[in-house]
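Quick caveat: nothing in here was measured; it's all calculated off a predicted structure. Worth knowing before you read on, the calculation uses all heavy atoms, side chains too, and leaves out hydrogens, waters and symmetry mates. In each ligand, atom 1 is the first atom listed, and ligand 1 is the first ligand listed.
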Amino acid sequence: MANERELLSEVLPGYELAEEIGRGGWGVVFEAEHRTLGRRVAIKYLPAAFSADPDARDRFRSEARVVASLDHPHIVPLYDFVEQGDICVFVMELMPGGTLWDRFEEGDLSPEAACNVTLALLGALYHAHRRGVLHRDVKPENVLFNQEGMPKLADFGIAKVLGDGAGTRTATGMIMGTPAYMAPEQGSGEPVSPATDVYAIGAMLYELLSGRLPFESTGNALAQLYRHVHEAPTPIREIAPHVPDGVAAVVMKALQKAPSDRFEDAATFAAELNAEATGAFGEDWSSGTDIPVLATRAVLGRTVGKITESDPTSPDAADEHPIYAPPAAYEPSPAPVASPAGFQPGHVTTNAPQPSQPTPPQTAPEPTRSRRGLVAGVGVAVIAAVAAVGWLVFDSDDEPRAENAQVPVAASARFEEACRSNGVDADLCTCALERSLDELTVEEFMANDQLLQESGDELLLTAPVIERFDTCRTQLEQPSAAGA
Ligand code: 3AM
């Protein structure tokens with residue numbers, strides 16, 4: 001069998017293949033140059049494990065069409081999509097400036113820069129949401145910088161294509177996204193909507209500003225998901241007091257559990273963030289970051305209120321029309337989300353910028369030490385979890401894949417039900433469940449006898465769980481013994 005380079009050269013004879021840039025879960029990325037145009041590009045090659053499935057191929061094709069229709073300065077543009085035999089190849093803009101994660105990890109990201117990149121991404125998401133495209137895997141690793149240092153969101157929609165009914169376990173795993181940034185509804189298999197991406201951006205901004213995730217991983221993806229679904233994140237100012245009040249409030253609003261309690265849409269989020277950042281960092285906060293961000297009128301118009309937002313001749317006019325509706329082809333269980341209300345002519349936010357009160361420059365927060373490793377571990381764990389779950393309940397291809405994520409949560413719900421029927425105090429129950437999630441492997445957690453035993457109609461708690469109650473009781477009585 002020909003190696004990857006030979007295959008790619010055969011499929012894309014117009015390109016001179018250069019260095020391999022890297023390998024991700026979904027393929028290998030090479031740098032290449034168009035022989036005639038001289039344009040340098042990135043080529044992403046999808047392994048045959050995904051592209052050999054005709055259904056998956058259909059979805060790649062239709063999603064590639066959607067992604068190609070997105071035209072936004074902060075979305076990595078797709079130049080071409082080629083399929084031949086079992087191979088699918090995406091040709092994209094080359095982004096040689098590395099990822100947002102790289103910059104964060106290098107400690108090279110001031111709070112202003114973090115807010116500025118977030119504005120760029122919100123503009124990108126707003127554009128995509130209006131066209132029925134959800135990203136569903138927003139994270140610093142998926143934000144790349146081009147030659148000019150312009151941040152752009154990458155891998156748009158690919159996770160979704162892979163997740164929607166793809167027949168491989170690995171592909172099924174990808175629907176889970178990345179637990180570190182995952183909205184409660186995505187983690188529990190409920191319908192996703194633009195608010196799901198809003199949450200992920202909120203989780204990302206929380207991390208960029210504070211150096212910590214809203215819910216740190218203990219190495220167990222299910223435990224992290226459980227926290228996103230059930231627990232309130234620590235208010236960001238408690239761990240990062242340097243974050244200005246207003247900016248902190250914006251971050252925490254994006255992290256609300258109920259999608260309807262978050263921002264109405266990505267544009268509202270951007271407008272509020274811009275207003276609060278202007279109040280905290282001063283009028284010129286954005287230009288001082290050296291990160292070029294093309295804030296469109298649609299994103300910032302409400303805050304600045306200077307332009308007639310309904311002007312149909314505006315280059316951003318398309319972004320001002322409420323056309324979001326999850327297309328059936330991409331959404332097996334359509335999100336019950338009302339179309340965003342769009343912009344009201346003349347509407348200006350009441351959240352006007354405060355008088356400029358620049359804060360002293362802040363040093364970038366330290367990223368959580370082992371987070372990189374944890375993310376990799378978490379990714380593996382999630383795939384493992386879903387693979388196991390797929391085995392248990394998804395022999396039928398008719399099931400919407402989004403349901404997969406429900407199973408770990410359903411197992412948690414069964415545990416809680418067993419607590420209730422056995423008269424266990426709710427706090428004690430939550431504590432023991434969390435300990436179980438932390439201490440057990442995914443397979444053990446899913447195996448009934450590790451937590452519960454069925455006896456007739458009754459659900460009994462197992463001896464290891466009862467031992468955890470004892471530990472938890474001590475922990476709850478003496479919080480300092482929490483680590484015990
Ligand atoms: O292996 P690392 O993390 O260095 O950032 C992506 C990742 O890099 C990079 O390819 C690797 C595997 O996904 N990548 C993805 N799209 C890219 C693009 N359009 C890209 N690098 C440059 N341009």
Report the part of [X] in contact with ligand 1, treating N, CA, C, O as backbone and CB onward as side chain, heavy atoms under 4.0 Å; options are side chain, backbone, both, neither.
{"X": "Leu144", "answer": "side chain"}
{"X": "Arg23", "answer": "backbone"}
{"X": "Met92", "answer": "side chain"}

Considering the heavy atoms of [X], write down every atom of ligand 1 situated less than 4.0 Å from one of them.
{"X": "Thr99", "answer": "5 (O)"}
{"X": "Ala42", "answer": "18 (C), 19 (N), 23 (N)"}
{"X": "Glu93", "answer": "18 (C), 19 (N), 23 (N)"}
{"X": "Gly22", "answer": "1 (O), 11 (C), 12 (C)"}

(message) Polar contacts were defined as any N/O atom of the residue lying under 3.5 Å from an N/O atom of the ligand; does this apply to Glu141 and ligand 1?
(response)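 Checking ligand 1 against Glu141, no N or O pair falls under 3.5 Å apart.
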(request) Measure the spacing between CD of Glu112 and CG of Asp284 and express it to the nearest 0.5 Å. (result) 11.5 Å
(message) Just verifying a value: how many Å separate Asp155 CG and Lys139 NZ, rounded to the nearest 0.5 Å?
(response) 8.5 Å
(message) Looking at non-hydrogen atoms alone, which of Lys152, Met95, Glu31 comes nearest to atom 22 (C) of ligand 1?
(response)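 Among Lys152, Met95, Glu31, the closest heavy atom to atom 22 (C) of ligand 1 comes from Met95.
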(request) State which residues pass salt bridge (Lys or Arg N to Asp or Glu O under 4.0 Å) with Glu16; sequence neighbours excluded, sorted by chain then number. (result)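 In terms of salt bridge (Lys or Arg N to Asp or Glu O under 4.0 Å), with neighbours along the sequence ignored, Glu16 is linked to Arg35.
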(message) Before you tell me yes or no, could you show the steps for His228 and Tyr199 under ring-ring contact (aromatic ring centres under 6.0 Å, His included), namely the whole-Å CA-CA distance, both residues' side-chain angles and the distance that decides it to 0.1 Å?
(response) CA-CA 10 Å; His228 277 284; Tyr199 183 97; 5.6 Å; yes
(message) Evaluate His129 against Asp265 for side chain to side chain donor-acceptor pair (under 3.5 Å), listing each step before the verdict.
(response) CA-CA 9 Å; His129 292 164; Asp265 54 33; over 6 Å; no
(request) For a side-chain contact (heavy atoms from CB on, under 4.5 Å) with Val251, tell me which candidate from Leu209, Ile201, Leu273 qualifies. (result) Leu209
(message) Salt bridge check, Glu185 against Arg262: does any charged N sit closer than 4.0 Å to a carboxylate O?
(response)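 Salt bridge: yes.
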